[in-house]
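Notes to accompany the following structure.
For the numbers below, each heavy atom of this structure counts, side chains included, while hydrogens, waters and symmetry mates do not.
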Amino acid sequence: MVGLGLRREMLDELLTQMPSQIDFMEVAPENWLKLGGRFAKQFKSLTDANNFLCHGLSLSIGSPEPLDIEFVKSLKVFFKTHNIKLFSEHLSYCSGNGHMYDLMPIPFTEQAIKHVVSRIKQVQDILEQQIAIENVSYYAAPDQQISELDFTNEILQQADCKLLLDVNNIYVNSVNHGYDSEHFLANLPSNRIAYGHVAGHYNEADDLIVDTHGADVIDPVWHLLDLAYQHHGVFPTLLERDFNIPAMPELIKELDIIHQLQAKHAITQNKESA
């Protein structure tokens, strides 16, 4: 399965004709929860006819501030209204004495693991379903005691949650922090992967990449997605594009690449199991 992140400017076009390359779509619930009027009706028409996931922006799972219980309850209603199949969030935080409007890195410590695990469990209890947590891009690792890989795997195991595997974020972090992207990828738990993301980024310098979702996916990221399917089997994968959004035919070209990689590995895995 191949997906695309829905942006408001795509509504009219997708309501007229949904490209066959799109098997599911993803939205940030914060951008749609309080919408009314024409946009709300158009969105409901799309969710009634298509498979949708939600990828949150403001749950702030690693924040020291109390969890926003009323927000989580409003998500539960929204998911039921729109038949949302899965909710994912970033392994990060965006609030602490106010909202910071950015995704901040959680310290890679045992104490942070316990804190995050308890909050994920609380969210899952309220929603009455597992959620997926995304490995995020980050630009500093304050008070780091353990590796990003160990930190991520411990949270997945202890919280009994799913993983949103962002392949571009692995690539970005491997360049920015000097680690082996293929080793990181191979050592994630296959059974926890709910779905994946690919996206483009911006090269600020040779050793600094900014995760922008504003450009085409580059060849090294496609290669890493290829390896992800090799290591973990084929999983649903979504293309993110947040700005500099090209015309739909250009987006479809990237969706076709995902389809081609998935077909390649589906054939290989079928032969191996025969």
For [X] and [Y], which heavy atoms make the closest approach, and how far apart are they?
X	Y	value
Leu53	Lys85	CD2-CB, 3.7 Å
Leu149	Asn187	CD2-CB, 3.6 Å
Ala228	Leu165	CB-CD2, 4.5 Å
Asp166	Glu134	OD2-OE2, 2.6 Å
Cys161	Gln124	CB-OE1, 3.3 Å
Gln21	His259	O-NE2, 2.8 Å

Where the side chain of [X] meets the backbone of [Y], is there a donor-acceptor pair that is under 3.5 Å apart?
X	Y	result
Glu89	Ser58	yes
Lys162	Gln130	no
His232	Leu185	yes
Glu30	Leu57	yes
His90	Gly56	yes

request  = Please lay out, stage by stage, how Met10 and Ile245 fare under the test side-chain contact (heavy atoms from CB on, under 4.5 Å).
outcome  = CA-CA 10 Å; Met10 300 176 184; Ile245 299 174; 4.1 Å; yes

inquiry  = Assess the residue pair Leu59 and Val72 against the criterion (side-chain contact (heavy atoms from CB on, under 4.5 Å)); give the C-alpha distance rounded to whole Å, side-chain angles, the decisive distance to 0.1 Å, and a yes or no.
reply    = CA-CA 8 Å; Leu59 186 60; Val72 179; 3.7 Å; yes

Heavy atoms, side chains only, cut-off 4.5 Å: are [X] and [Y] in contact?
X	Y	result
Asn168	Val198	no
Leu33	Phe71	yes
Leu14	Met25	yes
Phe184	Asp180	no
Ser60	Glu65	no
His82	Pro29	no
Asp160	Lys121	no

Under a single-linkage definition using a 4.5 Å side-chain heavy-atom cutoff for Ile, Leu, Val, Met, Phe, Trp and Tyr, are [X] and [Y] assigned to the same hydrophobic cluster?
X	Y	answer
Leu91	Leu238	no
Ile257	Met1	no
Ile131	Phe24	no
Leu164	Ile61	no
Leu86	Val167	no

Roughly how far apart are [X] [atom1] and [Y] [atom2], rounded to 0.5 Å?
X	Y	atom1	atom2	result
Leu46	Leu15	CG	CG	4.0 Å
Glu154	Gln157	CD	CD	7.5 Å
Leu4	Ile252	CG	CD1	9.0 Å
Leu239	Glu254	CG	CD	5.0 Å
Ile258	Tyr229	CD1	OH	6.0 Å
Arg7	Glu26	CZ	CD	7.5 Å

task = Apply side-chain contact (heavy atoms from CB on, under 4.5 Å) to the pair Gln122 and Ile69, showing each step before the final yes or no.
result = CA-CA 9 Å; Gln122 188 177 4; Ile69 302 298; 3.2 Å; yes

inquiry  = Counting neighbours of CD on Gln111 that are heavy atoms of other residues, nucleotides or ligands and sit closer than 6.0 Å, is the number greater than 12?
reply    = no

ask   = So Trp32 and Phe43, would you call those rings parallel, tilted or perpendicular, with 30° and 60° as cut-offs?
value = parallel

query = How are the rings of Tyr195 and His197 set to each other: parallel, tilted or perpendicular (split at 30° and 60°)?
reply = perpendicular

task = Carefully, step by step, assess Ile170 and Leu188 under the rule side-chain contact (heavy atoms from CB on, under 4.5 Å).
result = CA-CA 11 Å; Ile170 294 176; Leu188 291 168; 4.1 Å; yes

task = Output yes when Asp48 and Lys44 qualify as a salt bridge under the 4.0 Å nitrogen-oxygen rule, no when they do not.
result = yes

message = Any carboxylate oxygen within less than 4.0 angstrom of a Lys/Arg side-chain nitrogen, looking at Lys73 and Asp68?
response = no

query = Are Ser147 and Tyr179 linked by a side-chain donor-acceptor pair shorter than 3.5 Å?
reply = no

